[in-house]
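Below you'll find the structure, written out as structure tokens, and then a few comments.
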Number of protein chains: 2
Amino acid sequence: MPRWKPDAAERLQAAALELFDEQGFESTTVAEIAQRAGLTQRTFFNHFTDKREVLFILSSEIQRAVVGEIAACDDAVPPLDAVVRALEVVADGLFEERRAVATRRHAVIAANPELQERELGKNAALTDAIAAELHARGCDPDTAFLAAGTAVLAQQAAFQRWTRPGETRTLRHLLSEAVRSLGTIVSEDPVTS
Amino acid sequence: MPRWKPDAAERLQAAALELFDEQGFESTTVAEIAQRAGLTQRTFFNHFTDKREVLFILSSEIQRAVVGEIAACDDAVPPLDAVVRALEVVADGLFEERRAVATRRHAVIAANPELQERELGKNAALTDAIAAELHARGCDPDTAFLAAGTAVLAQQAAFQRWTRPGETRTLRHLLSEAVRSLGTIVSEDPVTS
DNA sequence: GTCTATATGCGGATAGAC
DNA sequence: GTCTATCCGCATATAGAC
């Protein structure tokens, strides 16, 4: 019998999500979150550097997974395709089973500018990490940045749809659809043809 | 004879840029900036909501200009092309003559995470404004978001090059080049073909 | 607890426009 | 004269460093 219940970070995230949903991000204190999770404020700050960070518990894991998938991909695969395939694998492996939580989380973030800023930072970090991996695969830096940015943009669009109430299609499906839309949009541009 | 010298905001920005360049963003106080501009700390905060904002004095003007250009564009022009044309006009009209300042500004921002976060926010706001204008022109919201995001991504890549020491090509030229690169990257993706 | 810096609220002064 | 824009002074809340 363990001395403490496991998954402290996950329980803190669940408690935080509930409280942010009920009373808003700003008017919720870290002490409240810890109490609802059956832990102390000190434990909260042991797991997260600040109050916002409790909503981004999966970010680093996602980033590692995506970069790993790209690294494992055959070098002959063109850059954007490599990134999109990686995002699809991660969509199935990490996102699909968490749709309900992701939707509530998305709503909380949409309601608070501070959290939106943090999310933009996470997306930028993901883009940079992907670009670095593409560069390591032999891409020139500019192409790497554009391919990474394009893929993350498609991911954002897909994620936005995926968390809309009533939407039932998988994130993988919506991601493919977003990439196809991008193809249409770009090929319609006279400068590119 | 005016009671005060004109262009208080511009003088504050110039003073701030010098000081941030000399001693860094964090170790420069608002009082110092105001003093170098011949003004007081209170006046600084009358013009800018916080210390970072002094480096983003042109953002709202750029956003208005871009959105205006898109609105003025013929409805038959496809969405991405409309945005790219608008960015090219703004590149010539607002950026090209400020290359030296923009380069120093870019270096200061690159050296500070807080400023990078603010810049990401400005880019996201620009993307949203562009997407809203495209939507008003009849685009569906998803296409609008993707087209706006794509254009802003190309703009970011072009801007990054434009502010590299030794680079002499115009921002308009680099922007066209980035859009062409995007075309290649996306068309090489099997999902889109 | 003190010191420094950021940021805000409120009032007040003056020049130019009407 | 009144109104508005612009700027200054003072007080203060807040947060972090020491």
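Letters A, B, ... are given to chains in the order of the sequence lines, protein chains preceding strands, and every chain is numbered from 1. All heavy atoms count here, side chains included; hydrogens, waters and symmetry mates do not.
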>> Any heavy-atom pair between the side chains of Glu119(B) and Leu115(B) that's under 4.5 Å?
In response: no
> Once you build an axis from the first five pairs and another from the last five of the helix from dG1(C)-dC18(D) to dC18(C)-dG1(D), how far apart in angle are they, to 10 degrees?
Replying inline: 10°
>> Before you tell me yes or no, could you show the steps for Glu114(B) and Lys51(B) under salt bridge (Lys or Arg N to Asp or Glu O under 4.0 Å), namely the whole-Å CA-CA distance, both residues' side-chain angles and the distance that decides it to 0.1 Å?
In response: CA-CA 11 Å; Glu114(B) 281 182 82; Lys51(B) 198 171 105 177; over 6 Å; no
>> Heavy atoms within less than 4.0 Å of DNA chain C: which residues of residues 44-51 of chain B have one? Give them sorted by number.
In response: Phe45(B), Thr49(B), Asp50(B), Lys51(B)
> Does any N or O in the side chain of Ser27(B) come within less than 3.5 Å of the main-chain N or O of Gln23(B), such that one atom is a donor and the other an acceptor?
Replying inline: yes
> Can any side-chain N or O of Gln116(B) pair as donor or acceptor with the backbone N or O of Ala110(B) at less than 3.5 Å?
Replying inline: yes
>> Just to be sure I understand the geometry, which residues of residues 23-33 of chain B put a non-hydrogen atom under 4.0 Å away from DNA chain C?
In response: Thr28(B), Thr29(B), Val30(B)
List the atom pairs, donor and acceptor, that lie under 3.5 Å between side-chain atoms in residues 56-72 of chain B and the rest of the protein, sequence neighbours left out.
{"residue": "Ser59(B)", "atom": "OG", "partner": "Phe56(B)", "partner atom": "O", "Å": "3.4"}

> Taking NZ, NE, NH1 and NH2 as the nitrogens, is one of them in Lys122(B) or Glu53(B) under 4.0 Å from a carboxylate oxygen of the other?
Replying inline: yes
> What is the distance, rounded to the nearest whole Å, between atom CD of Gln41(B) and atom P of dC8(D)?
Replying inline: 12 Å
>> Less than 3.5 Å apart, any donor N or O on the side chain of Thr40(B) or Thr43(B) sitting next to an acceptor on the other?
In response: yes
> Between Thr40(B) and dC8(D), is there a side-chain N or O to OP1/OP2 distance below 4.0 Å?
Replying inline: yes
> Starting at CG of Asp7(B) and ending at P of dA5(D), how long is that distance when rounded to a whole Å?
Replying inline: 17 Å
>> With a 3.5 Å distance limit and no angle check, can you tell me whether Arg172(A) reaches the backbone of Asp92(A) through a side-chain donor-acceptor pair?
In response: no
> Without hydrogens or angle criteria, can the side chains of Glu96(B) and Thr170(B) be said to hold a donor-acceptor pair below 3.5 Å?
Replying inline: no
Could you list the donor-acceptor pairs under 3.5 angstrom formed by side chains in residues 75-87 of chain A, with sequence neighbours left out?
{"residue": "Asp81(A)", "atom": "OD2", "partner": "Arg85(A)", "partner atom": "NE", "Å": "3.2"}
{"residue": "Asp81(A)", "atom": "OD2", "partner": "Arg85(A)", "partner atom": "NH2", "Å": "3.0"}

> Among Phe159(A), Trp162(A), Phe95(A), which one satisfies ring pair (Phe, Tyr, Trp, His ring centres under 6.0 Å) with His106(A)?
Replying inline: Phe159(A)
>> Using side-chain heavy atoms (C-beta onward) and a distance below 4.5 Å, is Arg99(B) in contact with Glu167(B)?
In response: yes
Pairs: protein N or O with nucleotides 10-18 of chain D N or O, under 3.5 Å:
none

>> Using modelled atom types and a 3.5 Å cut-off, is there a donor and acceptor pairing between side-chain atoms of Arg105(B) and backbone atoms of Leu55(B)?
In response: yes
> To the nearest angstrom, how far is Arg52(B) atom CZ from dA5(C) atom C1'?
Replying inline: 14 Å
